[in-house]
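First the structure, in the form of structure tokens, and then the observations on it.
Throughout, protein chains are lettered first and strands after them, A, B, ... in sequence-line order, and every chain is numbered starting at 1.
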Amino acid sequence: MESVLQLYNTASRSKQPFVPQSAERVTMYVCGPTVYNRVHIGNARPAVIFDTLYRLLKQRHGRVDYARNITDIDDKIIQAAAANNESTAALTARYTQAYFDDMAALNNLPPPIVPLATDHLAEMIALVAQLIDSGHAYVAQSHVLFDVESMANYGALSGRSLDEMLAGARVEVASYKRHPGDFVLWKPSSAEQPGWQSPWGRGRPGWHLECSAMIEKHLGTTIDIHGGGQDLIFPHHENEIAQSCCAHGGQPLANFWLHNGFINIDGEKMSKSLGNFKTVEELLTLYRGEVLRYALLAAHYRSEANFSGDLLEQAQSSLDSLYTALRSAADVPAQPFAVAASAGYAALCDDLNTPAALGELHRLARLLNSCADDAKPAAKGELLAVAELLGLLDCDPEQWFTAARFEGAISAEQIEALIAERGAAKQAREFARADQIRQQLLDAGVVLEDSRTGTSWRRE
RNA sequence: GGCGCGGUGGCAGAGUGGUCAUGCCGACGACUGCAACUCGUCUUACGCCGGUUCGAUUCCGACCCGCGCCUCCA
């Protein structure tokens, strides 16, 4: 029997069985990056988490309309482009491609829908007009503002009332707002700022507007799952809900709200001021993307995760041991395995318990290492099937251990030549010479492993 | 101030009212010319104080400590 998928819904603050509106087509939207610089490892967490969920949902339902947007209009983009003396379009095109590259390096499948904010101005303007018409928004000093008091249950997702929000307000309130909690739907652009013509003059959208507009266009009025980082619960998702619900006669924007926890670096919150900001690009010069992915999956997605060199070393060693099992079983055919029957699959169905699923990978690797030959194809098949759900172990095991990862590393040809020489020395029982070659290779970062069938090697 | 989260062995990190997470590191044994890999065994746990219970790391309450959000943020 297939496991029920339980997901923790921020809206209800509890795990609930996931039931999509249509069993044949699941709709999921995840907030993507604002493309004004290289993304950091914290930005990669939701991408990896929701990619894993995407894989699981595809397995369960077949079709998943998964959209992850690119925010390519924003004040930070305008500032960065001005600082570089280039157009916002040139800047965002460059960083959008960099984001795609970084995410691909982490084994994330490309989402089937990747909408750009700047391709949806007409939809955003229409949404604003609708909110004005229905009495949920007003124009003030060339801005269009959402009237939070017009919505009875504003604040429901984050669990706060308008009064409570005021108590902690730490930002100066613009004088033209009727209520301090009112947020910008549309704002005016100066001549040098990017802008679009609208009924309220030339301007640009507020932060939250694009998601509401793009969800409606690509996925529908109410979607099954909306995801993102914890910090987006308020105000971003709260305001998306306000915009969409009020424009749609109160219909919900999403049935399930999923939020991932934050990543710390060496126990401290990652921030530019602390200087402990790690970009994916930077980390990829030290570790393969799969190692980063393993490290990101090693903690449950809702918990805080601490990123450190130690964690990455452990992830590397853990992957090495899994690939060692696959390398030893290189000649074993993988028997097709119905993954829904696996304990690893069941773990993922329990609110995406990736640490338990990784544990299952290790159990299967041990099984593959130790079981009788006739049981190996099944063990290998199950191991690979669970790993695929996690986006792991898709490398050729031989390549995993032998590919040179640093400039100036000893070549495979040189290694093979030395191994041949050592083999001859062993034949002649000149063990001193053989050990000397082993040490020479070890100094070059190459470990030799003798077996009945010959000598294999791996880089450390 | 308001809302919320968490404290598990050297490290990372699941989970459970009573037997085992798992991985990394460490120790020992088997295997090996020596190693490595692998397999097996093992050590070190559930913040603190009460309560419920035959039994609590797990449930309840208080306390201590850490963290997040409260209109930049994944």
Produce the list of close N/O pairs, under 3.5 Å, pairing protein atoms with atoms of nucleotides 12-16 of chain B; give distances to one decimal.
{"residue": "B:rA14", "atom": "OP1", "partner": "A:H300", "partner atom": "N", "Å": "2.7"}
{"residue": "B:rA14", "atom": "O3'", "partner": "A:N353", "partner atom": "ND2", "Å": "3.1"}
{"residue": "B:rA14", "atom": "O2'", "partner": "A:N353", "partner atom": "ND2", "Å": "3.4"}
{"residue": "B:rG15", "atom": "OP1", "partner": "A:N353", "partner atom": "ND2", "Å": "3.4"}

Check: protein-nucleotides 26-29 of chain B nitrogen or oxygen pairs below 3.5 Å:
none

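A:F146 and A:H136 have parallel rings, their planes meeting at less than 30° on a 0 to 90° scale where 60° marks the start of perpendicular. Ring orientation note: the planes of A:Y323 and A:F401 are nearly perpendicular, at an angle over 60° on the 30°/60° scale.
Annotation: the span from A:H259 atom NE2 to A:I233 atom CD1 amounts to 4.5 Å, rounded to 0.5 Å.
At the phosphate of B:rA74, OP1 or OP2 sits under 4.0 Å from a side-chain N or O atom of A:N43. The shortest distance between the side-chain N/O atoms of A:W457 and the OP1/OP2 oxygens of B:rC37 is not below 4.0 Å.
When rounded to the nearest whole Å, the span between CZ of A:R160 and P of B:rU71 equals 8 Å.
Between the A:R288 side chain and the A:W400 main chain, a donor and an acceptor come within less than 3.5 Å of each other. The backbone N or O of A:A365 sits less than 3.5 Å from a side-chain atom of A:N369, completing a donor-acceptor pair.
Both geometric conditions, a ring-centre gap below 5.5 Å and a plane tilt below 30°, are fulfilled for A:F262 over the base of B:rA74.
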*What string of B, S and - do you get for nucleotides 31-36 of chain B 5' to 3' if you count protein non-hydrogen atoms under 4.0 Å?*
--BBBB
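Minimum atom distance to the side chain of A:H362 is reached by B:rU22, of the listed B:rU22, B:rC70, B:rC25.
Between A:R363 and A:E360, at least one side-chain N (NZ, or NE/NH1/NH2) sits under 4.0 Å from a carboxylate O, which counts as a salt bridge.
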